[in-house]
Asker: 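Take this structure first; my questions come after.
Every chain is numbered from 1 and lettered A, B, ... according to where its sequence line falls, protein lines coming before strand lines.
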2 protein chains.
Amino acid sequence: MDQVTSAQHWMAQQMGLIIPHLSVDCVVFGFHENQLRVLLLRFKNTEVWALPGGRVYREEPVNTAAVRVLEQRTGLRGLYLQQFHTFGDPDRLHSSDFQAILAQQNIRIEASSLLFDRTISVGYYALVEFAQVSPAPDQLSDECRWWDIRDLPKLFFDHNEIVAVAVRTLRQRLSYEPVGLNLLPEKFTMPELQRLYETLLGQPLDRRNFQKRMLAYDFLQRLDERRTGGAFKAPYLYRFDRERYAAVLQGGGLAFG
Amino acid sequence: MDQVTSAQHWMAQQMGLIIPHLSVDCVVFGFHENQLRVLLLRFKNTEVWALPGGRVYREEPVNTAAVRVLEQRTGLRGLYLQQFHTFGDPDRLHSSDFQAILAQQNIRIEASSLLFDRTISVGYYALVEFAQVSPAPDQLSDECRWWDIRDLPKLFFDHNEIVAVAVRTLRQRLSYEPVGLNLLPEKFTMPELQRLYETLLGQPLDRRNFQKRMLAYDFLQRLDERRTGGAFKAPYLYRFDRERYAAVLQGGGLAFG
DNA sequence: TTTTCAATGTGTATTTTAAACACAATGATA
DNA sequence: TATCATTGTGTTTAAAATACACATTGAAAA
């Protein structure tokens, strides 16, 4: 089976299995070297970058589709994943862009006419531990890697807007939920946590007040261990105590920011 | 054309015009007699109540579909309307419920097989001025009226959950945006505003502190008029100054709650 | 070995914000 | 005209956020 027929066959098979006009797109956030990053895919034989996304199977919950896409792209299960917005404008797909890509995939336009149709996309964002992820391209892409959020290229279709909305949502949530902790490894230092918050909020924070407030929430557990090896004084390691966090939520309010 | 053929014809025509497997559902909030209310429809010849909703046309933005549905149901344009969540579980539609309804509509099951298919619904909530709304049933319903949020019947499919998520979202937003003002008439008194907040937050608030804080936000304009006619001392009328609100947002933060 | 130094760990004073609280004024009703 | 439930306003107190300073650490340099 040559490449063209193979691609056609794959796509034709997909058509019957999926819900038409619907897709999921995932904004995968990671934190590395004090910068917020997102995972992007580069389409085969092109310089076009896009969010990891995919179709929803006929009998599959939309959330599950997002989980599936993410597992394929990151190798991770059980990610922190949140639906944040659905993008439903008819002009969000520009078929000229799309045709260029499909041509490179050696896929016949007629065979994929349904893919040209208008698509409504449910947007999810995931928070992952950077070091745990093994970026893996899919059938349609050559490359999968992290991009600094401040330096994204022009993305496929409206994916720049999707990222922007995801970032805005993440910042808002940060004000009343410790979402940021999902971006750090299990053990982390207070300065690391602070730098994450500073990056997300886009402003410097007072070291002493930050620590005071974080500890006041009473869901961080200080370990006896310290982060050794780094230059200068070794900071303590902390762990996010999810059980205690649940207890704090039960017992009333919680306010970050 | 008898009723059966007419309904079949209408539905067949709809099939070609709409995007399959996709719908919008609207939670229309109103405030009356110190209670939060939602607009519900009762299906023809049944006691089944449901949210106003509808299909999305092939070339229509999803947001526009929601606006269109709302205009038909409330007679209002330019409503405060927010997308809040997309409901995409395959088992959210129970075809047994659905069949009972369709039978009452005298619609042949075969003719509407696509309608039985799994449907992903984009949820919107609208905030409207109660007195301005003229509830109007659609082709499939006999009745359209307000229901107290605390006393809803068992609704169609997963509409109870949709309402619950909408209420939760509304309460959260109230903490950092004066959404509540969209539920009041143009001119309102401070006690009226306070009762709205108390209802939405589900707790009593101190009258003097409430007024102090609201006025501190600096987007309420006190008029010389007073609400006369009521028993006892006549309270001042206020107006929400949207221009000043925009200015306040520009100039930095804003925190309700 | 000792010194250096950039970063961490901790505490207190100050300001700002939210919460608690009390009395005078009003205007329809009795 | 007396009543009274409600409105209008200010002050006092507590809590939370902010500003700020010095001792400690541990690798690296001298």
Asker: What integer distance in Å separates Asn209(A):CG from dA13(C):P?
Answerer: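 Rounding to the nearest Å, CG of Asn209(A) and P of dA13(C) are 15 Å apart.
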Asker: Choose from dA19(C), dT6(D), dT18(D) the nucleotide whose nearest atom is closest to any side-chain atom of Lys212(A).
Answerer: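 Nucleotide nearest to Lys212(A)'s side chain: dT18(D).
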Asker: Under a 4.0 Å threshold between the charged nitrogen and the carboxylate oxygen, would Glu143(A) count as salt-bridged to Arg145(A)?
Answerer: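 Between Glu143(A) and Arg145(A) there is a salt bridge, with a charged N closer than 4.0 Å to a carboxylate O.
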Asker: Ignoring hydrogens and geometry beyond distance, is the side chain of Arg208(A) in donor-acceptor contact with the base of dG9(C) at under 3.5 Å?
Answerer: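 Answer is no: no donor-acceptor pair is held.
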Asker: Among dG26(D), dT7(D), dT8(C), which is the nearest nucleotide to the side chain of Phe232(A)?
Answerer: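 For Phe232(A), the side-chain atoms sit closest to dG26(D).
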Asker: Using the six-membered ring wherever Trp is involved, compare the ring planes of Phe84(A) and Tyr125(A) and label them parallel, tilted or perpendicular (cut-offs 30° and 60°).
Answerer: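 If you compare the ring of Phe84(A) with that of Tyr125(A), the planes turn out tilted.
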Asker: Quick check: Phe130(A) with Trp146(A) (ring centres under 6.0 Å apart)?
Answerer: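 They qualify: ring centres under 6.0 Å apart.
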Asker: Look at the side chain of Lys233(B) against the base of dT6(D) and say whether a donor-acceptor pair falls under 3.5 Å; ignore hydrogens and angles.
Answerer: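 Per atom types, no contact qualifies.
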Asker: Looking only at the side chain of Pro235(A) (C-beta and beyond, no hydrogens), which of the listed nucleotides dC21(C), dT9(D), dG9(C) gets closest?
Answerer: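 Of dC21(C), dT9(D), dG9(C), dG9(C) is nearest to the side chain of Pro235(A).
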Asker: Starting at CZ of Arg213(B) and ending at C1' of dA15(D), how long is that distance when rounded to a whole Å?
Answerer: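 Rounded to whole Å, this separation is 15 Å.
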Asker: Please check this pair: side chain of Arg37(B) against backbone of Trp147(B), looking for a donor-acceptor N/O pair closer than 3.5 Å.
Answerer: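 No, Arg37(B) side chain to Trp147(B) backbone: no donor-acceptor pair under 3.5 Å.
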Asker: Report the distance from atom CZ of Arg227(A) to atom P of dG9(C), rounded to the nearest whole Å.
Answerer: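 In whole Å, dG9(C) P lies 12 Å from Arg227(A) CZ.
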